[in-house]
Enquirer: 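First the structure, then my questions, so here it is.
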There are 2 protein chains.
Amino acid sequence: MTEQSSPQPLSPTLFDDPDCAGSPSRPLRVGGKWTAVVLRCLEDGAPRRFSELRVPLHWITPKVLTETLRSMERDGFLTRTAHDENPPRVEYALTDLGRSLLTPLDAACAWTRAHAPEITEARAAYERAAP
Amino acid sequence: MTEQSSPQPLSPTLFDDPDCAGSPSRPLRVGGKWTAVVLRCLEDGAPRRFSELRVPLHWITPKVLTETLRSMERDGFLTRTAHDENPPRVEYALTDLGRSLLTPLDAACAWTRAHAPEITEARAAYERAAP
DNA sequence: CCGAATCCTTGTGGATACTG
DNA sequence: CAGTATCCACAAGGATTCGG
């Protein structure tokens, strides 16, 4: 098996940026576990290939990525374009609807970043009170 | 058992208002299934008792409500106040932190309402293409 | 290369019954 | 009233394998 070191993997729990790595509170989520991370991967508007998407997604298994992409396609968040070539090439890109989801997503992410310290402290206090 | 007709039950998938009843797309969620609904129940600032909370929550089972409240207390979203009386009385109320979560929550809810028709249409189109 | 098919593990939520 | 304690069902995520 090929040795892989995902460069800057995004977290499954979404709304994370690197800062939230410890991920205080399961933050807001969209649909499945990976939906929002896919949104982040595609937010620059450039279409991406299946295998490209796996890299920043912690080497998510194909099955799970397929499921995620299918449901997002079904909901109109992205388009799937299969080019009839050999080797096959399939590209995914956000639709306007998908891009519009980034707005509430960013709001939620901002909230998480802003309040992560409070949550961490609240948890610590809770532990102190009830060990 | 007492016959109960929960008056205007809030949906588990959160961010719902009555309009989103059909709930296109699993919308954004906060932590567990019920977290955000509890936020909504407490958003007016008035403290509520355990049993009061069960009513608008579809008669959620005590176990699940307890879990939800515990995790929210732990994260500092609400406070739990046990009055030493008989019969016992326990009240839950949002903290400032919990209240602040309502902002991104409202944003997400607004997005869902605004785009629900598009999602519904996208799904219909998807079904037409791949029946 | 892009997935589909299969099987398995886990987490989350829920039903029911019982207690301080 | 406000929970615990058990047991259970199911969906989601994941590993592995196979196919176009």
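Every chain is numbered from 1 and lettered A, B, ... according to where its sequence line falls, protein lines coming before strand lines. Remember, predicted model here, so these are calculated numbers, not experimental data.
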Enquirer: Decide side chain to side chain contact (heavy atoms under 4.5 Å, CB included) for B/Lys33 and B/Thr68; before the verdict, give the C-alpha distance in whole Å, the side-chain angles of both, and the deciding distance to 0.1 Å.
Expert: CA-CA 9 Å; B/Lys33 188 170 173 180; B/Thr68 303; over 6 Å; no
Enquirer: Using a heavy-atom cut-off of under 4.0 Å over every strand shown, decide if A/Arg49 touches base, sugar-phosphate, or nothing.
Expert: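 Sugar-phosphate contact only.
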Enquirer: In this structure, how many angstroms lie between the C1' atom of D/dG3 and the CG atom of B/Leu53, rounded?
Expert: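 Going from CG in B/Leu53 over to C1' in D/dG3 covers 13 Å.
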Enquirer: For A/Leu65 and C/dC1, give me the distance from atom CG to atom P, rounded to whole Å.
Expert: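 Interatomic distance, CG of A/Leu65 to P of C/dC1: 15 Å.
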Enquirer: Side chains of B/Thr79 and B/Glu73, heavy atoms from C-beta outward: is any pair under 4.5 Å?
Expert: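 A side-chain contact under 4.5 Å is absent here.
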Enquirer: Evaluate the criterion side chain to side chain contact (heavy atoms under 4.5 Å, CB included) for residue pair B/Ile60 and B/Trp34; output intermediate values, then yes/no.
Expert: CA-CA 9 Å; B/Ile60 181 178; B/Trp34 298 99; 3.7 Å; yes
Enquirer: Just how far, in rounded Å, is C1' of C/dA4 from CZ of A/Arg80?
Expert: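 The answer, rounded to whole Å, is 12 Å.
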Enquirer: How many Å lie between OH on A/Tyr92 and P on C/dC1, as a whole number?
Expert: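 Whole-Å distance recorded here is 15 Å.
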Enquirer: Distance check: side-chain N/O of A/Thr66 vs OP1/OP2 of C/dG3, anything under 4.0 Å?
Expert: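 No.
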Enquirer: Checking B/Ser100 against A/Trp111: is there a side-chain donor and acceptor pair closer than 3.5 Å?
Expert: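 Distance-only check passes for A/Trp111 and B/Ser100.
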Enquirer: Using five base pairs at each end, measure the axis-to-axis angle across the helix from C/dC1-D/dG20 to C/dG20-D/dC1 and round it to 10 degrees.
Expert: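 End-to-end axis angle: 40°.
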Enquirer: Are the side chains of A/Leu65 and A/Leu53 in contact, using a 4.5 Å heavy-atom criterion?
Expert: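 They are in contact (side-chain heavy atoms under 4.5 Å apart), so the answer is yes.
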Enquirer: Using nucleotides 14-20 of chain D, report all nitrogen or oxygen pairs with the protein that are shorter than 3.5 Å.
Expert:
| unit_1 | atom_1 | unit_2 | atom_2 | d |
| --- | --- | --- | --- | --- |
| D/dG14 | OP2 | A/Trp34 | NE1 | 3.1 |
| D/dG14 | N7 | A/Lys63 | NZ | 2.9 |
| D/dG14 | O6 | A/Lys63 | NZ | 2.3 |

Enquirer: When you measure from the side-chain N and O atoms of B/Arg54 to the phosphate of D/dG3, is any distance below 4.0 Å, counting only OP1 and OP2?
Expert: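 No, outside the criterion.
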Enquirer: Would you indicate whether the side-chain heavy atoms of A/Leu101 and A/Thr35 approach each other to under 4.5 Å?
Expert: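 The answer is no; the side chains never approach within 4.5 Å.
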Enquirer: Just the rounded figure in Å: distance from P of C/dC1 to CZ of A/Arg48.
Expert: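 It works out to 18 Å between those atoms.
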Enquirer: Give the table of side-chain donor-acceptor pairs shorter than 3.5 Å for residues 91-99 of chain A, with sequence neighbours excluded, one pair per line with atom names and distance.
Expert:
| unit_1 | atom_1 | unit_2 | atom_2 | d |
| --- | --- | --- | --- | --- |
| A/Glu91 | OE1 | A/His83 | NE2 | 3.3 |
| A/Glu91 | OE2 | A/Arg89 | NH1 | 3.4 |
| A/Tyr92 | OH | A/Arg80 | NE | 3.4 |
| A/Thr95 | OG1 | A/Gly76 | O | 2.6 |
| A/Thr95 | OG1 | A/Phe77 | O | 3.2 |
| A/Thr95 | OG1 | A/Leu97 | N | 3.3 |
| A/Thr95 | OG1 | A/Gly98 | N | 3.1 |
| A/Asp96 | OD1 | A/Arg99 | NH2 | 2.9 |

Enquirer: B/Arg70 side chain: which of C/dA4, C/dC1, D/dT4 is closest?
Expert: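 Per side-chain heavy atoms of B/Arg70, the pick is D/dT4.
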Enquirer: Nearest whole Å is fine: how far is C/dC1 P from A/Asn86 CG?
Expert: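 In whole Å, C/dC1 P and A/Asn86 CG are 12 Å from each other.
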Enquirer: Considering only NZ, NE, NH1 and NH2 on the basic side and carboxylate oxygens on the acidic side, decide whether A/Arg123 and A/Glu127 come within less than 4.0 Å.
Expert: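 No salt bridge links A/Arg123 with A/Glu127.
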Enquirer: Any chance you could lay out the salt bridge (Lys or Arg N to Asp or Glu O under 4.0 Å) test for B/Arg70 and B/Glu67, step after step, and finish with the verdict?
Expert: CA-CA 5 Å; B/Arg70 282 269 189 286; B/Glu67 288 169 353; over 6 Å; no
Enquirer: For the pair made of CD in A/Glu85 and P in C/dG3, what is the distance, rounded to whole Å?
Expert: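 These atoms are roughly 13 Å apart.
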